[in-house]
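One-based numbering, in listed order, for ligands and for the atoms of each. Small disclaimer: the values here were computed from a predicted structure and weren't measured.
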Amino acid sequence: MSVHVVEHPLVHNALMTLRDAQTQPKVFRRITIHINLLLAAEATRDLPASPVTVQTPLAPAEGRRVSADVVVVPVLRAGLGMLDAILELIPGARVGHIGLQRDESTAIASQYYSKLPRGLEKSVVLMIDPMLATGGSAVAALDHLSHAGARDIRMICIVAAPEGVDLVQKHHPGVRIYTPAIDRQLNEHKYIVPGLGDFGDRLYGTV
Ligand code: PRP
Ligand code: URA
C-alpha cells in the first residue's frame with residue numbers, strides 16, 4: 001500500500017482547526033507544527049536504526065538509535081511551514097528545497113528554485129507539501145528528486161484530493177504518501193473541497 005491514511009485522533013483534532021476558516025495565521029502556524037510532529041512520526045516508523053548501549057545512572061541499557069541519513073525536502077512555499085516540526089524530531093536531518101508555484105488560472109506548476117543535498121541515493125527523503133491537489137506540483141517535485149538520485153521517498157501532506165493521489169501513484173508508484181485526509185474532489189479552480197483553502201496564504205497571512 002503506498003497511501004497511508006493517518007487515523008490518529010490528535011492528527012484529526014489538529015486538522016479540524018486548520019480547516020476552520022476562522023483560524024488565524026498565528027494559530028494556523030502552531031497547529032501546522034503539531035500535526036506534522038505526528039505525521040512525521042508515522043512516516044518514519046520503519047527508519048533504519050542500529051543497536052547501541054548507553055550507561056544509565058544504574059546500569060547499561062541496550063536500545064537503538066536512528067542510523068539513516070534523513071533528508072527533508074519542503075516544497076516552497078507552503079511546505080516550509082512543516083519543516084520545523086520534522087527538524088525538532090530529527091535535528092540531524094539534511095534539508096533540500098524545491099520551489100514550485102501553481103499558475104492561478106491553469107493550476108500548472110512551474111519550478112523556480114532547487115537546492116538539494118548530495119548523495120540522495122542512500123537517504124530516506126521526506127518530501128513535505130501540505131496540499132496534494134491535482135498532483136502536478138508533487139509529480140514535478142518527485143521527478144526532480146528521482147533525477148537527483150533519490151530512491152526511498154515518502155511524501156507527507158495534510159490534505160489530499162483523489163486526483164492528486166492517483167497522479168502520484170501513476171507516475172511514482174514507489175513513493176509512499178502519508179496523509180490524514182483524502183477529500184471529496186477538486187473544484188473548478190483546482191482547489192480541494194472541502195480542503196482548507198490556500199495553505200500558503202493562510203500560513204503566511206497573504207490572503
Ligand atoms: C500549493 C501547495 C502545493 C500545490 C498543490 O502551492 O502547497 O505545492 O499548491 O497543488 P497541485 O497538486 O494542484 O499542484 P502553491 O503553488 O499555491 O504555492 P505556495 O506554496 O507558494 O502558496
Ligand atoms: N493549494 C492549496 O493551498 N490548496 C488547495 O486546495 C489546492 C492547492
Residue, atom and distance of the protein heavy atom nearest atom 17 (O) of ligand 1 read Asp198 OD2, 4.1 Å
Identify whether NZ of Lys or CZ of Arg in Arg19 sits under 6.0 Å from the centre of the six-membered ring of Phe199 and within 45° of that ring's axis. no
If we number the atoms of ligand 1 from 1 as shown, the ones under 4.0 Å from a heavy atom of Asp129 are 2 (C), 3 (C), 7 (O), 8 (O)
When distances are taken from atom 16 (O) of ligand 1, the protein heavy atom at minimum range is Arg102 N, 2.7 Å
Show me the side-chain donor-acceptor pairs of residues 118-125 shorter than 3.5 Å, one per line, residues at least two apart or across chains.
unit_1, atom_1, unit_2, atom_2, d
Ser123, OG, Asp69, OD2, 2.6
Ser123, OG, Gly119, O, 3.3

Given salt bridge (charged side-chain N to carboxylate O under 4.0 Å, His left out), test Asp46 with Arg154 step by step and report yes or no. CA-CA 12 Å; Asp46 63 342; Arg154 302 148 191 217; 2.8 Å; yes
Any N or O of Met131 closer than 3.5 Å to N or O of ligand 2: no
Going by atom type alone, with no hydrogens or angles, which donor-acceptor pairs under 3.5 Å involve a side-chain atom of residues 108-116 and a protein atom two or more places apart or on another chain?
unit_1, atom_1, unit_2, atom_2, d
Ser114, OG, His144, NE2, 2.6

The side chain to side chain contact (heavy atoms under 4.5 Å, CB included) partner of Ile90 among Thr44, Val66, Val72 is Thr44
Cut-off 3.5 Å, side chains only: do Asn13 and His34 have a donor facing an acceptor? no
Backbone or side-chain N or O of Met131 under 3.5 Å from ligand 1 N or O: no
Which atoms of ligand 2 are found less than 4.0 Å from any heavy atom of Phe199? 2 (C), 3 (O)
By number and element, which atoms of ligand 2 are closer than 4.0 Å to a non-hydrogen atom of Ile192? 5 (C), 6 (O)
Would you mind listing which atoms of ligand 1 come within a distance below 4.0 Å of any non-hydrogen atom of Thr134? 11 (P), 12 (O), 13 (O), 14 (O)
Would you mind listing which atoms of ligand 1 come within a distance below 4.0 Å of any non-hydrogen atom of Arg77? 19 (P), 20 (O), 21 (O), 22 (O)
